[in-house]
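Report on the structure given below.
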Amino acid sequence: MSALNIENLQNTFQNAVNLGGSPGAVSTSPTQSFMNTLPRRLSTSKQQKILKPFSTGDMKILLLENVNQTAIEIFNKQGYQVEFLKGSLPEEELIEKIKDVHAIGIRSKTKLTAKVLEHAKNLVCIGCFCIGTNQVDLNFAAKKGIAVFNSPFSNSRSVAELVIAEIISLARQLGDRSIELHTGTWNKVSNKCWEVRGKTLGIIGYGHIGSQLSVLAEAMGLHVIYYDVVTIMSLGTAKQVSTLDELLNNADFVSLHVPETPETKNLLSAPQFAAMKDGAYVINASRGTVVDIPSLIAAMKAKKLAGAAIDVYPAEPRKNGVGAFCDDLNKWTSDLISLPNLIMTPHIGGSTEEAQSAIGIEVSNSLSNYINEGNSVGSVNFPEVSLKALNYDQENTVRVLYIHQNIPGVLRTVNNILSNHNIDKQFSDSHGDIAYLMADISSVDQSDIKEIYEKLNQTDAKISIRLLY
Ligand SMILES: NC(=O)C1=CN([C@@H]2O[C@H](COP(=O)(O)OP(=O)(O)OC[C@H]3O[C@@H](n4cnc5c(N)ncnc54)[C@H](O)[C@@H]3O)[C@@H](O)[C@H]2O)C=CC1
Ligand SMILES: O=C(O)CCC(=O)C(=O)O
């Protein structure tokens, strides 16, 4: 990492906690909001202590993509400044906005690339208010000391229920019948319309969503087989198969529930469609890159496939609106929309009131815990470290949050710096190149804080530091 980058990283946290541009500006006197808590501090021992020195009113949170109201309420309660936008932002606007904020909340459309994050001088953490985190450069964020959080299963049920609806809709050609009748055409047919009872559902990716789908599908009389890169205990009477081809050869319905990774790119393409049963159906509510759409179009036109349901696309519009889904976005759009028995939805797998409300609560709490206490449990790119909240009895205790490069000798150096004080608790963990140390040190005078900060700041392995007290 270049000297310039290290300097930038340093600035990030200095700004985030109001430490100013130089360690000399460390505040050793309580802020006004800290003073406001004083009566409670004196009268209520064991109550969770609100840690400073940052003033919560200085924390700026940018929420994009119509993140749920529950999140706004939780951030408002914390006293943070919240800016809320319904859509995502084009790259240039995002770069401008991200320069200023301490936390950002996004869903699946906002791309937090290295180029964007390079400008995020004050950013402490990122909240993905969804399951997928492929839209964030997780390694780059970690190297900058930015923790990323998501909601790993709050919308799983919603996706599974949508897929169940699509299995029946495809088997009965409901989409086409509905479109016909909307335009006055009465077309009462049973040709190639099927019950789902007794058919085989092949699930690719048996994680939170895949396994939930498995249970619902069996309740409707489907046989379930699944393929996953890891061995996973089956639920009900579902059976894990050992190759993707085995699944494709035997399933009447194939549903994808894998993350976007280099390995899952075009997981279903021409050879995989060829391996499927004639008249099979494909459902993709995972990520747009997982299915090669031109090959899917070819398989549908050749009647190899009897239908498909697609919720996710390689490119998706930034905002809702008429004309947003067009050939300019994905060049095959016109071809795709002309296909019969094709259900298309605008990435709404996880879009239910229940899921969005739960996600809003979960992710905003994770971000608040990290900002206020340093707890990184649940982070997807960072060591997961947590210490119990400090209480008001712990008057002269300082919490040290030290994010550093994962190289030998760092803990010895840091503990030497802390050695004049009692280290009450310490928790350190690493994740790849990054390590994170939380330590509660007691018997610290306010006047020691500046010195501790300065010494930690001079350590070679430092990525960022916060001292909370
Ligand atoms: N359409 C929508 O609105 C939503 C889409 N999603 C997408 O669904 C994906 C899956 O979600 P979860 O089930 O919660 O994830 P998960 O992490 O619980 O499960 C994913 C499973 O896929 C398996 N897997 C990974 N690579 C594989 C490969 N190459 N071949 C076969 N299996 C592979 C993993 O071992 C794991 O068991 C998310 O990553 C997200 O992209 C999630 C929520 C909503
Ligand atoms: O609700 C969203 O915007 C994204 C849902 C999704 O794809 C996810 O949770 O990974």
Side-chain angles (χ1 to χ4, degrees), residues 63-68 71 86-88 105-111 127-136 138 148-163 165-166 202-216 225-235 238 240-248 254-269 272 283-291 309-314 316-320 343-360 362-363 380:
L63 296 179
L64 302 177
E65 300 186 55
N66 206 16
V67 162
N68 194 261
K86 280 207 154 189
S88 63
I106 59 168
R107 288 171 64 182
S108 55
K109 289 187 185 54
T110 304
K111 306 276 178 256
C128 297
F129 285 75
C130 54
I131 291 179
T133 52
N134 53 290
Q135 68 280 35
V136 181
L138 297 176
V148 182
F149 297 86
N150 73 339
S151 174
F153 45 76
S154 293
N155 64 14
S156 318
R157 174 72 185 202
S158 302
V159 179
E161 288 188 9
L162 179 74
V163 173
E166 289 174 338
I203 299 174
I204 304 176
Y206 202 69
H208 290 108
I209 298 172
S211 56
Q212 180 80 216
L213 172 64
S214 169
V215 173
L216 297 178
I225 53 176
Y226 61 94
Y227 169 70
D228 200 293
V229 282
V230 294
T231 303
I232 300 184
M233 186 191 78
S234 61
L235 298 178
Q240 182 156 14
V241 295
S242 45
T243 63
L244 180 57
D245 265 355
E246 190 179 344
L247 181 140
L248 298 173
V254 172
S255 193
L256 291 144
H257 300 288
V258 291
E260 178 179 286
T261 63
E263 292 74 38
T264 61
K265 188 172 168 61
N266 293 337
L267 192 62
L268 293 192
S269 190
Q272 288 73 38
I283 299 165
N284 185 18
S286 61
R287 282 292 179 265
T289 52
V290 175
V291 173
I310 306 181
D311 188 45
V312 287
Y313 308 85
E316 297 179 1
R318 274 190 294 104
K319 290 183 185 152
N320 289 347
I343 298 171
M344 293 167 61
T345 46
H347 201 151
I348 51 163
S351 296
T352 61
E353 297 285 358
E354 291 92 339
Q356 292 309 310
S357 159
I359 290 172
E362 184 180 6
V363 180
V380 294

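Since this is a predicted model, take the numbers as computed values, not measurements. Order of appearance sets the numbers: ligands from 1, and atoms from 1 within every ligand.
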Looking at E316, H347, Q135, the heavy atom closest to atom 6 (C) of ligand 2 belongs to H347
Could you tell me whether the side chain of Q240 and the main chain of V230 form a donor-acceptor pair under 3.5 Å? yes
Distance from atom 9 (O) of ligand 2 to nearest protein heavy atom, with residue and atom: I131 N, 2.5 Å
With nothing but distance in play, are any N or O atoms of L267 less than 3.5 Å from an N or O of ligand 1? no
Structural part of N134 in contact with ligand 1, heavy atom criterion under 4.0 angstrom: neither
Side-chain donor or acceptor of D245 paired with backbone N/O of L248 under 3.5 Å: no
Counting non-hydrogen protein atoms only, what is the nearest one to atom 17 (O) of ligand 1? Give residue, atom name and distance. H208 ND1, 4.8 Å
Side chain, backbone, both or neither: the part of N155 lying under 4.0 Å from ligand 2 by heavy atom: side chain
At a non-hydrogen distance cut-off of under 4.0 Å, which region of V229 contacts ligand 1 (side chain, backbone, both, or neither)? both
Which of the atoms of ligand 2 are close to R287, meaning less than 4.0 Å from one of its heavy atoms? 6 (C), 7 (O), 8 (C), 10 (O)
Are any of the N/O atoms on E263, whether in the backbone or the side chain, positioned under 3.5 angstrom from an N/O atom of ligand 1? no
Nitrogen or oxygen of G350 less than 3.5 angstrom from that of ligand 1: yes
Residue pair S88, K319: steps toward the side chain to side chain contact (heavy atoms under 4.5 Å, CB included) verdict: CA-CA 7 Å; S88 63; K319 290 183 185 152; 6.0 Å; no
Any nitrogen or oxygen of T264, side chain or backbone, less than 3.5 Å from one on ligand 1? no
How long is the span from the CD1 atom in I203 to the CD1 atom in I225, to the nearest 0.5 Å? 9.5 Å
Does the protein put a heavy atom less than 4.0 Å from atom 15 (O) of ligand 1? no
Do any N or O atoms from the side chain of T345 and from the backbone of H347 form a donor-acceptor pair under 3.5 angstrom? no
Nearest-0.5 Å distance, CG of residue L213 to CG of residue L235: 11.0 Å
Please work out which of I310, V258, V312 has its closest non-hydrogen atom nearest to atom 32 (N) of ligand 1. V258
Would you give the length of the straight line joining atom CD1 of I209 to atom OG of S214, rounded to the nearest 0.5 angstrom? 13.5 Å
Ignoring hydrogens and geometry, is there a side-chain-to-backbone donor-acceptor pair from E316 to P346 under 3.5 Å? no
Any donor-acceptor pair under 3.5 Å linking the side chain of D228 with the backbone of Y206? yes
Just which atoms of ligand 1 are under 4.0 Å from any heavy atom in H347? 1 (N), 2 (C), 3 (O)
Would you please classify the geometry between the F153 ring and the H208 ring as parallel, tilted or perpendicular, with 30° and 60° separating the classes? tilted
Give me the residue, atom name and distance of the protein heavy atom closest to atom 19 (O) of ligand 1. G207 CA, 3.2 Å
Quick one: nearest non-hydrogen protein atom to atom 7 (C) of ligand 1, plus distance? S286 O, 3.5 Å
Checking contacts here: is it the side chain or the backbone of I232 that comes within 4.0 Å of ligand 1, counting heavy atoms only? Could be both or neither. side chain
Please check: side-chain N/O of E260 versus main-chain N/O of K265, any donor-acceptor pairing under 3.5 Å? no
Closest to atom 21 (C) of ligand 1 by heavy-atom distance, out of D228, T133, N150, is D228
Mind checking the CG-CD spacing from N155 to E362? Nearest 0.5 Å is all I need. 10.0 Å
Has ligand 2 got any nitrogen or oxygen that is less than 3.5 angstrom from a nitrogen or oxygen of G132? yes
Apply the test side chain to side chain donor-acceptor pair (under 3.5 Å) to residues H257 and S255: give CA-CA distance (whole Å), side-chain angles for both, the deciding distance (0.1 Å), then the verdict. CA-CA 7 Å; H257 300 288; S255 193; 2.7 Å; yes
At what distance is the nearest protein heavy atom to atom 44 (C) of ligand 1, and which residue and atom is it? V159 CG2, 3.3 Å
Tell me the protein heavy atom at minimum distance from atom 11 (O) of ligand 1, and give that distance in Å. I209 CD1, 3.4 Å
So is there a nitrogen or oxygen of S351 less than 3.5 Å from a nitrogen or oxygen in ligand 2? no
closest protein heavy atom to atom 4 (C) of ligand 2 is S108 OG, 3.4 Å
Got a second to check how far S154's OG is from N68's CG, nearest 0.5 Å? 11.0 Å
Sub-4.0 Å atoms of ligand 1 with respect to non-hydrogen atoms of V230: 35 (O)
Please write down residue, atom name and distance for the protein heavy atom closest to atom 5 (C) of ligand 1. A285 O, 3.1 Å
Interatomic spacing from CG in L63 to NZ in K86 - rounded to 0.5 Å: 13.5 Å
Which residue and heavy atom of the protein sit nearest atom 39 (O) of ligand 1, plus the separation: P259 CA, 3.3 Å
Would a distance-only check, ignoring hydrogens and angles, find a side-chain to backbone donor-acceptor pair under 3.5 Å from N150 to T133? no
Tell me which protein heavy atom sits closest to atom 10 (C) of ligand 1, plus the residue, atom name and distance to 0.1 Å. H257 O, 3.5 Å
For ligand 2, which is the ligand I care about here, please tell me if R107 has any N or O atom under 3.5 Å from one of the ligand's N or O atoms. yes
Just by distance, no angles: are the side chains of T110 and Q135 close enough, under 3.5 Å, to form a donor-acceptor pair? no
Mark up the atoms of ligand 1 that fall under 4.0 Å of a heavy atom belonging to Y227, in ascending order. 30 (N), 31 (C)
Would a 4.0 Å cut-off, counted as strictly less than, catch a protein heavy atom around atom 29 (N) of ligand 1? yes
